Each structure stands twice: as structure tokens, then as C-alpha cells.
Amino acid sequence: MIDEQINWQAINLANIQQRLAWVQQQPDGLIFCQESGVHYVTVKKDQSQIKFSLVEKVNLHTDLLQSVFSLNNPLHLAKQTGIPTL
């Protein structure tokens, strides 16, 4: 049973890393931005991290960080406040 779980985890981690390959090749900066009510939903790449934030339309300097996702360790969420799926 334990061997099956380890194998399942290894396979899923490899699949996640394959899906993240495109993001890893992107330069640092804004990857995604979309209006949502009174906010903009943003996804930014900062070195080996992906940051999901809400930015208020009335104050573009706000950065309401929702989650930080490590490209080097995609199964660990560094900071989270209600984790939406990135």
C-alpha cells in the first residue's frame, strides 16, 4: 500500500512539473490579469514563485496576496489565505 502511494505521488508530481514547464520559461512579471468586481485578479511570476493577488481598481498599488506557489516545490503552498486553484 505504501509503495503504491509513493508511486502515485511521484507520478502526480511529475505531471504537475510537466504542466508548469511553460510558466517556468516565462520572464518574471505579470502572467495574467482579469477584472473581477472591484478588483483585478493577477498572477505574477517572481523568480521561482507564482503569486496570486487581488488588486483594487481604485488603488492599483494594493496587492492583496492570496497565495504563493513555489515552482521548485509545487506541492507546498508557502502563503495562503483561502487558496484558490492557480
Side-chain angles (χ1 to χ4, degrees):
M1 177 77 171
I2 292 175
D3 289 339
E4 290 177 18
Q5 183 177 1
I6 291 171
N7 187 41
W8 175 84
Q9 289 172 339
I11 290 169
N12 281 311
L13 180 57
N15 288 336
I16 290 168
Q17 289 170 330
Q18 182 179 11
R19 291 183 192 119
L20 292 174
W22 176 85
V23 175
Q24 289 175 322
Q25 295 172 7
Q26 300 307 304
D28 287 354
L30 190 65
I31 293 175
F32 175 83
C33 181
Q34 181 174 330
E35 286 187 51
S36 179
V38 297
H39 295 100
Y40 291 104
V41 174
T42 65
V43 178
K44 299 175 191 168
K45 181 180 178 209
D46 183 11
Q47 298 178 3
S48 65
Q49 294 183 329
I50 300 298
K51 297 178 179 181
F52 172 78
S53 298
L54 297 175
V55 176
E56 294 177 350
K57 288 181 182 177
V58 294
N59 182 358
L60 297 179
H61 297 287
T62 60
D63 189 5
L64 306 171
L65 187 62
Q66 301 298 303
S67 63
V68 177
F69 180 83
S70 171
L71 292 169
N72 296 332
N73 188 3
L75 299 179
H76 177 260
L77 294 169
K79 294 182 181 179
Q80 52 186 335
T81 63
I83 291 302
T85 303
L86 293 175

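Here the structure is a predicted model, which means the values were calculated and not measured.
- Atom OG1 of Thr42 is separated from atom CD of Gln34 by 11.5 Å, given to the nearest 0.5 angstrom.
- Among all heavy-atom pairs drawn from Ile50 and Val43, the shortest one is CG2-CG1, 3.5 Å.
- In the hydrophobic clustering of this structure, Ile31 groups with Phe52; members are Ile, Leu, Val, Met, Phe, Trp, Tyr whose side-chain heavy atoms approach within less than 4.5 Å, directly or through other members.
- When all heavy atoms of Lys51 and Gln49 are compared, the pair lying nearest together is CE-OE1, 3.4 Å.
- In terms of heavy atoms, Leu65 sits closest to Val68 at CD2-CG2, 3.7 Å.
- Contact annotation: the side chain of Glu56 never approaches that of Val38 to less than 4.5 Å [non-hydrogen atoms, C-beta and beyond].
- Looking at Lys45, its side chain does come within 3.5 Å of a backbone N or O of Gln24 through a donor-acceptor pair.
- Grouping Ile, Leu, Val, Met, Phe, Trp and Tyr by side-chain contacts under 4.5 Å, direct or through others, leaves Val58 on its own.
- Across His39 and Lys57, no two heavy atoms sit closer than the pair O-CE, 3.6 Å.
- In this structure, the side chains of Asn15 and Gln18 come closer than 4.5 Å at one or more pairs of heavy atoms.
- Hydrophobic cluster membership is shared by Phe32 and Val23, with clusters built from Ile, Leu, Val, Met, Phe, Trp and Tyr side chains linked at under 4.5 angstrom.
- Under a hydrophobic clustering in which Ile, Leu, Val, Met, Phe, Trp and Tyr are joined whenever their side-chain heavy atoms come within less than 4.5 Å, directly or via other members, Trp22 and Leu13 fall into the same cluster.
- Linking Ile, Leu, Val, Met, Phe, Trp and Tyr whenever their side-chain heavy atoms come within less than 4.5 Å leaves Tyr40 and Leu64 in two separate clusters.
- Pro74 and Phe69 make their closest contact through O-CE1, 3.3 Å (heavy atoms, listed as atom of the first residue, atom of the second, distance).
- When every heavy atom of Gln66 is checked against every heavy atom of Leu54, the shortest pair comes out as NE2-CD1, 3.9 Å.
- In this structure, the separation between CG on Leu30 and CG on Asp46 is 12.5 Å, given to the nearest 0.5 Å.
- A distance of 4.5 Å separates NZ in Lys44 from CG in Asp63, rounded to the nearest 0.5 Å.
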